Every structure is written in C-alpha cells, then in structure tokens.
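For reference, the structure is listed below as structure tokens.
Quick caveat: nothing in here was measured; it's all calculated off a predicted structure.
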Amino acid sequence: AGIVLNFVNQQNRPLNSQNVADALQKFSLKKTAVQKGLDALADSGQISFKEYGKQKIYLARQDQFDIPNGEELEEMKKANSKLQEELAEQKKITSEVESEIKGLQSNLTLDEIRSKEARLQSEVQEMEEKLKKLQSGVILVKPEDKKIIEETFSEKTNQWRKRKRMFKELWDNITENSPKDQKEFKEELGLEYDEDVDVNFQPYSEMLASLNKRRKVSR
C-alpha cells in the first residue's frame, strides 16, 4: 500500500489499476495486489476515486498539495510563456534544418530518375485502362462489395462518434474539480484530439448522413 500510495501521489493524475500495475512491475507487484492496495487506500481516504461503470479512476488527494496563490500563478504563467516562446523558436530552427536535409536527400541519381519514370509510366497506363472501363460503363465495384464497404464505413463512423462522446463525458468528469489547466493536463497525459492530428470528424459524419438518406430513398 505504501508503494502504491507513493506512486499515486508522485503522478498526481487520474490512474486506473492497470496503469499502476504496469508502472510498479519493477516491485514484483501483481495486478491483484495493486488493486487491493488502491481499494484499501481509497477506503481509508488516503486517495480519491471515482467510478465509471465497472472502471475505477484513482487520484491523489488534492488537499495535500500546496496550491500556489495568484501572484505565484502569474509568475508561473510568465515563465511558461517564455519557455513556450523559446520552444517555438527551437522548433522553427529544427524545422528549417530538417527541410534543408530533406531537400538534399531529395536529389535523385540518374538510375533513380529512370526507375521512377518507369514506375510512373506503369501507373499512367493502369489509370488509362481504368478510365476506359469507366467510359465503357463497366461496373468496377460489385453491388455486394459496395454494400459491405458502406456497412463497414457506417459501423466505424458510428463507433467513432460514440467514443468521442464517451471520452468527452469521462474527461469532463475527471477535470471538473481539477485545479490543473486542461490543455497542460492533456499534454501531460499524452492525449490527442482529432484536431491535433489534422483529422476532422465532420466530413465523415456528413458522408454517413448522405449514405443513410440514400438508403432510405432506395427502400
């Protein structure tokens, strides 16, 4: 229990029993022992926890930590802002160096140019053959294959929407009373939203709506 308590306090972030068990393998603690330790600490009030269905999320008690006052927070924000500016500058320099390296690496040899030309000519020929088939009215995708693709797309898109909603509800509950800045907390946990990796759910949602509408009309 002492090992588990020290780890939870050191992390000071939401954890489940698997997170703790994975981190404490070096102490030869099995998951069942870790779970018992977490439950004992939660029952005695030494750590906090919330239940989400069958899942328990554990968190260090926040009242044991020194909360910085307004002046200290302002100083921390200024220091963080300065560090962010320095980081941005370093990223810019790194990006320029990487671009220069890529530019140098992109210079092809004569053999590479000939190989690339042959590959592109082959691709052009394949595309021209597909175009001829389309112009002649040949069906390239069988109706049964099309149905499978549409059903798979519908299932995956609905799962995507459902998981986005589940994550939002869980995240709102976890961060509801947390003193941490949500953006910093998200980065600390290594979380990425769709937008962080240049993925937009909206076009897929619109495609699904159009697909469902077309299915209703066809019926």
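Of the inter-residue distances, the one linking Glu206 atom CD with Thr157 atom OG1 reads 12.0 Å to the nearest 0.5 angstrom. The CD atom of Glu192 sits 10.0 Å away from the CD atom of Glu187 when rounded to the nearest 0.5 Å. To the nearest 0.5 Å, atom CD of residue Glu96 and atom CD1 of residue Ile101 are 12.0 Å apart.
Ile57 and Leu38 are not part of a single hydrophobic cluster, where members link through side-chain heavy atoms under 4.5 Å apart. Val20 is connected to Phe27 through a chain of hydrophobic side-chain contacts under 4.5 Å among Ile, Leu, Val, Met, Phe, Trp and Tyr, so both are in one cluster. Tyr52 and Phe49 fall into different hydrophobic clusters, defined by Ile, Leu, Val, Met, Phe, Trp and Tyr side-chain heavy atoms under 4.5 Å apart, directly or through other members.
Within a 6.0 Å sphere centred on CD of Glu100, heavy atoms belonging to other residues, nucleotides or ligands number 12 at most. The neighbour count for Lys168 NZ, taken as heavy atoms of other residues, nucleotides or ligands under 6.0 Å away, does not exceed 12. Within 6.0 Å of NZ on Lys36 lie no more than 12 heavy atoms contributed by other residues, nucleotides or ligands. Surrounding OH of Tyr204 are at most 12 heavy atoms belonging to other residues, nucleotides or ligands under 6.0 Å away.
Side-chain atoms of Asn80 never come within 3.5 Å of backbone atoms of Met76 as a donor-acceptor pair (strictly under, hydrogens ignored). A donor-acceptor pair is defined here as one N or O able to donate and one able to accept, closer than 3.5 Å; such a pair exists between the side chain of Asn19 and the backbone of Asn16. Without hydrogens or angle criteria, Ser99 side chain to Ser95 main chain gives a donor-acceptor distance under 3.5 Å. Remark: the backbone N or O of Leu41 is paired with a side-chain donor or acceptor of Ser44 at under 3.5 angstrom.
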### Query
Run the side-chain contact (heavy atoms from CB on, under 4.5 Å) check on Arg13 and Leu189 step by step: do they pass?
CA-CA 8 Å; Arg13 61 185 177 89; Leu189 296 176; 3.4 Å; yes

### Message
Using the rule given for side-chain contact (heavy atoms from CB on, under 4.5 Å), can you reason through Asp172 versus Glu169, listing the C-alpha separation, both sets of side-chain angles and the distance that settles it, and then say yes or no?
### Response
CA-CA 5 Å; Asp172 289 344; Glu169 291 174 355; 5.9 Å; no

#### Entry: Gln90 vs Glu86, side-chain hydrogen bond (donor to acceptor under 3.5 Å, both in side chains): CA-CA, chis, key distance, verdict
CA-CA 6 Å; Gln90 290 299 321; Glu86 293 176 0; over 6 Å; no

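Residues Leu59 and Val8 come closest through the heavy atom pair C-CG1, 4.0 Å. Closest approach of Leu15 and Phe7 over heavy atoms only: CD1-CE2, 3.9 Å. Residue Arg61 comes nearest to Ile47 through the heavy atom pair CG-CA, 3.8 Å, listed as atom of the first residue, atom of the second, then distance. Nearest heavy atoms, Ala60 versus Gln64: CB-NE2, 3.9 Å. Between Val34 and Ser17, the closest heavy-atom pair is CG1-O, 4.1 Å. When all heavy atoms are compared, the tightest approach of Glu176 to Lys50 is OE1-NZ, 4.2 Å.
Thr175 places none of its side-chain heavy atoms less than 4.5 Å from the side chain of Lys186. When side chains are defined from C-beta on, Asn12 counts as touching Gln62, because their heavy atoms get closer than 4.5 Å. Put simply, the side chain of Glu144 does not reach to within 4.5 Å of the side chain of Lys147, judged on heavy atoms. At a threshold of 4.5 Å between non-hydrogen side-chain atoms, the residues Met166 and Lys162 count as touching.
Under the 3.5 Å distance criterion, with hydrogens and angles disregarded, a donor-acceptor pair is assigned to the side chains of Gln18 and Asp22. Gln159 and Glu155 form no side-chain donor-acceptor contact under 3.5 Å, judged by distance and modelled atom types alone.
Relative ring orientation between Phe167 and Tyr193 is described as perpendicular, the plane-to-plane angle rising above 60° on a 0-90° scale split at 30° and 60°.
For Asp111, the salt bridge (charged side-chain N to carboxylate O under 4.0 Å, His left out) criterion is met by no residue, not counting sequence neighbours. For Phe201, the ring-ring contact (aromatic ring centres under 6.0 Å, His included) partners two or more places apart in sequence, or in a different chain, are Trp160. When the ring-ring contact (aromatic ring centres under 6.0 Å, His included) test is applied to Tyr58, no partner is found at least two apart in sequence or on another chain.
Ion pairing of Asp181 with Lys183 is absent here, as no side-chain N (NZ or NE/NH1/NH2) approaches a carboxylate O to less than 4.0 Å.
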